[in-house]
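Worksheet: one structure, shown below.
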Number of protein chains: 2
Amino acid sequence: MDTRTRILKSAWKLLEAEGANAVRMGDIAKAAGISRQALYLHFPARADLLIATTRYLDEVYDIESKLAPSRTAASGLERLDSFIDAWGNHIPAIYGVAKALMAMRDTDDEADAAWTDRLNAIRHGCEAAIKALKADKALSTDYSQKQATDILWTILSVRTWEHLTGDCGWSQKQYIEKTKHMARQVLCA
Amino acid sequence: MDTRTRILKSAWKLLEAEGANAVRMGDIAKAAGISRQALYLHFPARADLLIATTRYLDEVYDIESKLAPSRTAASGLERLDSFIDAWGNHIPAIYGVAKALMAMRDTDDEADAAWTDRLNAIRHGCEAAIKALKADKALSTDYSQKQATDILWTILSVRTWEHLTGDCGWSQKQYIEKTKHMARQVLCA
DNA sequence: CCGTCAAATTGACACTGTGTCAATCACACT
DNA sequence: AGTGTGATTGACACAGTGTCAATTTGACGG
């Protein structure tokens with residue numbers, strides 16, 4: 001395994017285990033078995049490392065293929081459900097890294113841009129699901145298409161997942177079930 | 001005006017204007033017209049200052065009296081609406097300070113405890129609204145009472161407000177309207 | 001008028017964590 | 001033997017928080 005991968009894996013594992021911000025560059029270097037300075041030979045800054053780690057996780061977990069079923073769903077409702085399944089179940093996998101990256105948004109422009117990118121990618125998924133509902137005439141008329149997309153986007157945000165599974169103590173299974181139910185209640189005619 | 005109040009006011013104004021984390025102890029001191037060291041004579045640490053600032057805002061905006069109408073509401077639905085009105089419209093007022101405090105949760109135990117306290121206070125409000133709905137037999141049977149409370153709590157979280165008014169670009173008026181509507185859709189029979 | 005107490009000031013310093021730089025080493029490849 | 005790559009060590013700059021000591025200022029009471 002090459003050094004770069006070893007670093008990414010170490011960062012991932014540490015961020016998953018510790019409280020995210022408690023993970024310093026030196027900790028990651030130590031876990032990867034190299035010196036702190038060597039880390040900077042691979043990643044110019046902490047933000048770059050975190051961004052690379054999220055990309056690495058997407059690759060490892062193959063988020064693209066997980067999202068595929070929702071894209072080929074027969075109906076709008078089915079598409080909505082399988083999108084929630086795919087993304088909602090991906091969140092716990094990336095949460096550690098995501099938390100660290102979200103925390104950096106305030107101080108680092110690069111991290112902010114990277115996370116905004118991700119956010120927009122999710123939004124596209126939400127938009128597609130809403131469009132599919134609309135095509136089926138299954139979309140509630142209470143909201144404009146943009147508003148419906150915004151609502152789904154909000155329900156599926158990492159922050160919402162964090163709140164429900166963390167502060168509220170919901171299990172992952174409960175989270176997926178109830179989120180699906182709520183999405184239908186709010187968005188479907 | 002005594003120094004302590006001048007400090008709190010300066011912190012408030014700065015946090016409201018700047019990006020929250022961009023506000024350093026020295027900035028607040030300068031704005032209050034005292035030296036950075038004098039700040040530490042009044043507040044032992046940054047976390048204490050932020051906590052005191054949120055309490056100050058509660059006092060200035062008299063959150064208690066704003067919450068009163070929801071407590072005396074005639075029906076469950078009315079209680080739900082006026083709770084959303086009161087809290088939802090309080091959020092933008094406290095957002096600057098809240099953001100700084102939320103950011104400190106990761107690194108500071110005291111800040112974490114203080115914010116958790118606030119969170120629980122909101123949850124009590126949510127719980128009371130749900131109970132009022134239940135008493136009216138207006139509560140949906142799709143969720144347990146705890147789950148319904150959790151959902152309302154999540155909808156009314158600062159993060160959700162941040163996402164809808166920030167990332168989604170909703171106006172405050174839209175936010176209040178749509179939040180009320182969603183809450184009814186999801187929670188009412 | 002003097003003493004005292006509280007609030008504030010100045011300046012220096014410790015600590016943590018990020019990021020940089022220079023000199024050096026080890027090893028593989030040709 | 002020579003070259004380049006990746007790593008190492010050690011030192012350092014910088015920002016921001018929090019601490020400490022010595023000193024000043026102003027008000028108030030005896």
Side-chain angles (χ1 to χ4, degrees), chain A residues 1-11 14-15 17-54 96-97 99-115, chain B residues 1-11 14-15 17-54 96-97 99-115:
Chain A
M1 188 170 25
D2 70 333
T3 308
R4 191 189 148 90
T5 311
R6 234 167 52 232
I7 293 171
L8 292 172
K9 214 162 217 166
S10 305
L14 281 178
L15 288 166
E18 314 296 325
N21 55 308
V23 178
R24 296 171 296 270
M25 292 297 269
D27 298 329
I28 296 168
K30 195 181 288 177
I34 58 170
S35 66
R36 189 175 71 90
Q37 287 73 2
L39 201 47
Y40 285 97
L41 296 176
H42 294 268
F43 303 96
R46 189 178 143 88
D48 299 280
L49 172 53
L50 292 182
I51 293 164
T53 308
T54 48
V97 187
K99 197 179 169 193
L101 202 48
M102 289 189 292
M104 282 209 81
R105 288 184 81 183
D106 300 322
T107 48
D108 188 287
D109 288 348
E110 214 183 334
D112 184 45
W115 190 250
Chain B
M1 187 168 29
D2 70 333
T3 308
R4 190 189 149 89
T5 311
R6 237 168 48 232
I7 293 171
L8 292 172
K9 214 163 217 163
S10 305
L14 281 178
L15 288 166
E18 313 295 327
N21 56 305
V23 178
R24 296 170 296 272
M25 291 298 269
D27 298 329
I28 296 168
K30 195 181 287 176
I34 57 170
S35 66
R36 191 174 71 90
Q37 287 71 3
L39 201 48
Y40 285 97
L41 296 176
H42 293 268
F43 302 96
R46 188 178 145 86
D48 299 281
L49 172 53
L50 292 181
I51 293 165
T53 308
T54 47
V97 186
K99 199 180 168 192
L101 203 48
M102 287 189 293
M104 281 208 82
R105 289 184 81 184
D106 299 322
T107 49
D108 188 287
D109 287 348
E110 212 183 334
D112 184 45
W115 190 248

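Within every chain, numbering begins at 1; the chains are lettered A, B, ... in the order of the sequence lines, protein sequences first and strands thereafter. From a predicted model like this one, the values you see are computed outputs, not experimental measurements. Hydrogens, waters and symmetry mates play no part in the numbers below; they use all other heavy atoms, side chains included.
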Establish, with yes or no, whether the OP1 or OP2 oxygen of C/dA8 is under 4.0 angstrom from a side-chain nitrogen or oxygen of B/His42. yes
For a salt bridge (charged side-chain N to carboxylate O under 4.0 Å, His left out) check, start with the C-alpha distance between A/Lys30 and A/Asp27, then their side-chain angles and the critical distance, and finish with the verdict. CA-CA 5 Å; A/Lys30 195 181 288 177; A/Asp27 298 329; 5.5 Å; no
Does the pair B/Arg46 and B/Asp108 meet the rule for a side-chain contact (heavy atoms from CB on, under 4.5 Å), with working shown? CA-CA 10 Å; B/Arg46 188 178 145 86; B/Asp108 188 287; over 6 Å; no
Side chain of B/Ser35 only, please: which of D/dT9, C/dT20, C/dT10 is the nearest? C/dT10
Does A/Leu41 reach a base, just sugar-phosphate, or nothing at all? Heavy atoms under 4.0 Å. base
Taking every heavy atom of B/Thr54 against every heavy atom of B/Leu101, the minimum-distance pair comes out as CG2-CD2, 3.9 Å
Select one nucleotide: of D/dC20, D/dT17, C/dG19, the one nearest the side-chain heavy atoms of B/Arg36. D/dT17
Would you indicate, yes or no, if D/dG6 has its OP1 or OP2 atom less than 4.0 angstrom from a side-chain nitrogen or oxygen of A/Thr3? no
Whole angstrom is fine here: how far is it from NZ in A/Lys30 over to C1' in D/dT8? 16 Å
In whole Å, I'd like the distance from the CD atom of A/Gln37 to the C1' atom of C/dT24. 14 Å
Donor-acceptor pair, side chain of B/Arg36 and main chain of B/Ala29, under 3.5 angstrom: no
Integer-rounded Å distance: D/dG18 C1' and B/Arg24 CZ: 16 Å
A/Asp109 atom CG, neighbour heavy-atom count above 12 within 6.0 Å: no
Rounded to the nearest Å, what distance is computed from the OH atom of residue B/Tyr40 to the P atom of nucleotide D/dG18? 4 Å
Rounded to the nearest angstrom, tell me the gap between atom CD1 in B/Ile34 and atom P in D/dT25. 18 Å
For B/Ile28 and D/dG16, what is the distance between atoms CD1 and P respectively, to the nearest whole Å? 13 Å
Between A/Phe43 (CZ) and C/dT20 (P), how many Å, whole number? 15 Å
Looking only at the side chain of A/Arg46 (C-beta and beyond, no hydrogens), which of the listed nucleotides C/dG19, D/dT17, D/dT19 gets closest? C/dG19
In whole angstroms, the gap separating P of C/dG17 from CG of A/Leu14 amounts to 14 Å
